[in-house]
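Note that the coordinates shown come from a computational prediction; the quantities given were computed from them, not determined experimentally.
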Amino acid sequence: MSLLVVGTVALDSVKTPFGNVDNALGGSATYFSTSASYFTDVRLVAVIGEDFPKEHIQFLKSKAIDTRGLQQEKGKTFHWKGEYGYDLNEARTLATDLNVLATFQPVIIDDYKDSDVVFLANIDPEIQLDVLKQVRKPKLVACDTMNYWITSKLDALKRTLREVDLLTINEGEVRQLAGEASLVKAAKKVQAMGPKTVVVKQGSYGALMFSGGSVFSAPAFPLESVFDPTGAGDTFAGGFMGYLANTMNFSESSMRQAVIFGSVMASMNVEAFSLDRLRSLDYGEIEGRYREFKRLTHFEDI
Ligand code: AMP
């Protein structure tokens, strides 16, 4: 089935205790669509500048991602600069250069309007709303966001939240959005803003899914080495939504499987810089790690 994503395609400069990269391929929609491409057909809506290397477009095409929605505009590509200390759970943003993103007006081509599933990846909430206005009747709409937009565009973000079925969000950001220290209370408050389901990403601690009145908890995969956590959240969302778009089954048990597929993809992404680990996975590796997750969390009833 078809999955439409709008988000950022970026050039990222990232430093971790294990190395650094300058102007590497990044962006919420890039990580999301590469991850989701292992599960379903992906249609990508984003903006790039004149400086965006052609080889990156070739790479997205090589993953069978539909890039007809990638708009090239005059100016420079969105650039994010961040740094991580030994606690890889928290990125410190050093620069957010919006560049062509500042004036981006997404145009949804006719072939994309009937997409079954829509993911509004982390981007200006006004752009998220603009995309929603242009699609017909998706069966599932989900979104993501981050502190940058919670701080600068709260009203628009609240309008977006009213229109979505599901939100994926970091632990610190769900607390900030709800103005509530307790994670459980914060998730409930955010559910009351619109999304029936709230998936809280907890970095190396895993993910929690609040859905109606139920809670599902998934650990993160215990990895020996993590090099670069950039994009882990978007890669999680790509696996999660990609699986749901593939099955078109939004039952509680299918959503739980989707959380594990999201965790599998995120655990792979952090094992290398930029998207390097996601470039050439095979589906057997993904299934293998899914089964390892099952063994990791299985215990007998008393
Ligand atoms: P994550 O580590 O999953 O939270 O996402 C990291 C990606 O988000 C990077 O590749 C950045 O290019 C992108 N990013 C950083 N800041 C923003 C922002 N304000 N809006 C949209 N995308 C962003």
Side-chain angles (χ1 to χ4, degrees), residues 1-7 29 31-44 63-66 111-121 131-132 135-144 161 163-169 187 190-191 194-201 206-221 233-269 278 281-298:
M1 289 291 164
S2 53
L3 170 57
L4 175 94
V5 58
V6 61
Y31 283 102
F32 179 91
S33 33
T34 306
S35 175
S37 72
Y38 287 94
F39 301 88
T40 193
D41 294 334
V42 183
R43 299 157 169 187
L44 171 63
K63 301 268 69 137
I65 295 164
D66 188 334
D111 286 356
Y112 288 8
K113 287 189 174 160
D114 61 349
S115 298
D116 301 298
V117 176
V118 172
F119 189 70
L120 310 168
V131 166
L132 269 192
V135 291
R136 271 184 209 113
K137 263 205 158 287
K139 296 182 183 66
L140 180 72
V141 179
C143 81
D144 197 347
L161 289 176
E163 306 295 325
V164 304
D165 304 299
L166 188 148
L167 169 72
T168 60
I169 187 164
V190 173
Q191 281 177 304
K196 290 189 300 290
T197 303
V198 175
V199 180
V200 179
K201 300 169 289 177
L208 281 174
M209 177 168 66
F210 296 86
S211 179
S214 84
V215 188
F216 175 61
S217 167
F221 195 72
D234 310 304
T235 306
F236 171 93
F240 177 80
M241 296 296 293
Y243 178 73
L244 291 178
N246 174 288
T247 60
M248 290 305 282
N249 176 351
F250 311 138
S251 65
E252 170 86 23
S253 69
S254 174
M255 302 257 276
R256 288 181 176 214
Q257 288 176 309
V259 169
I260 302 301
F261 274 111
S263 307
V264 164
M265 298 309 286
S267 74
M268 294 193 162
N269 179 56
L278 293 187
L281 289 173
D282 73 60
Y283 195 73
E285 284 179 89
I286 296 172
E287 277 184 338
R289 192 161 282 183
Y290 183 94
R291 298 219 159 83
E292 287 184 64
F293 258 98
K294 174 109 180 80
R295 281 192 290 278
L296 177 70
T297 52
H298 181 81

Taking G284's backbone N and O only, do any of them form a donor-acceptor pair with E287's side chain (distance below 3.5 Å, no angle check)?
no
Does Y38 use its side chain to pair, donor to acceptor, with the backbone of L278 at less than 3.5 Å?
yes
Working to the nearest 0.5 angstrom, can you tell me the gap between K201 NZ and D144 CG?
3.5 Å
Shortest non-hydrogen contact from A121 to G7?
CB-CA, 4.0 Å
K196 and Q191: which non-hydrogen atoms are nearest, and at how many Å?
O-NE2, 2.8 Å
Passing candidate, side-chain contact (heavy atoms from CB on, under 4.5 Å) with L140, options L3, L244, T197:
L244
Side chain to side chain contact (heavy atoms under 4.5 Å, CB included) filter on M248, not counting sequence neighbours, yields M1, D116, V117, K139, F250
Check: S35 side chain, M265 main-chain N or O, donor-acceptor pair, under 3.5 Å
no
Distance check, rounded to the nearest 0.5 Å: T34 atom OG1 versus D234 atom CG?
10.5 Å
Specify the closest pair of heavy atoms between A36 and G242, including all atoms of both residues, with the distance to one decimal.
CB-CA, 4.1 Å
Side chains of V131 and L120: does their closest heavy-atom pair fall under 4.5 Å?
yes
Within a reach of under 6.0 Å around NZ of K113, are more than 12 heavy atoms found that belong to other residues, nucleotides or ligands?
yes
Report yes if the side chains of F261 and I286 come closer than 4.5 Å at any heavy-atom pair, otherwise no.
yes
Nearest non-hydrogen partners of K63 and S37, listed with the distance:
O-CB, 3.5 Å
Does a side-chain heavy-atom distance below 4.5 Å link L167 with V190?
yes
Nearest heavy-atom contact between S263 and F293 is CB-CZ, 3.6 Å
Just by modelled atom types, is the S251 backbone N or O under 3.5 Å from a matching donor or acceptor in the S254 side chain?
no
Rounding to 0.5 Å, atoms NE2 (H298) and CZ (R291) come to a distance of 15.0 Å
Are any of the side-chain heavy atoms of V164 and L166 separated by less than 4.5 Å?
no
Assess whether a salt bridge exists between E252 and R256, defined as any Lys/Arg side-chain N lying under 4.0 Å from an Asp/Glu carboxylate O.
yes
Distance from I260 atom CD1 to T297 atom OG1, nearest 0.5 Å?
6.0 Å
With rounding to the nearest 0.5 Å, note down the distance linking CZ in F240 to CZ in F39.
12.0 Å
Quick one: are P138 and S115 in side-chain contact, heavy atoms under 4.5 Å?
no
Point-to-point distance, once rounded to the nearest 0.5 Å, from CZ of F119 to SG of C143:
7.0 Å
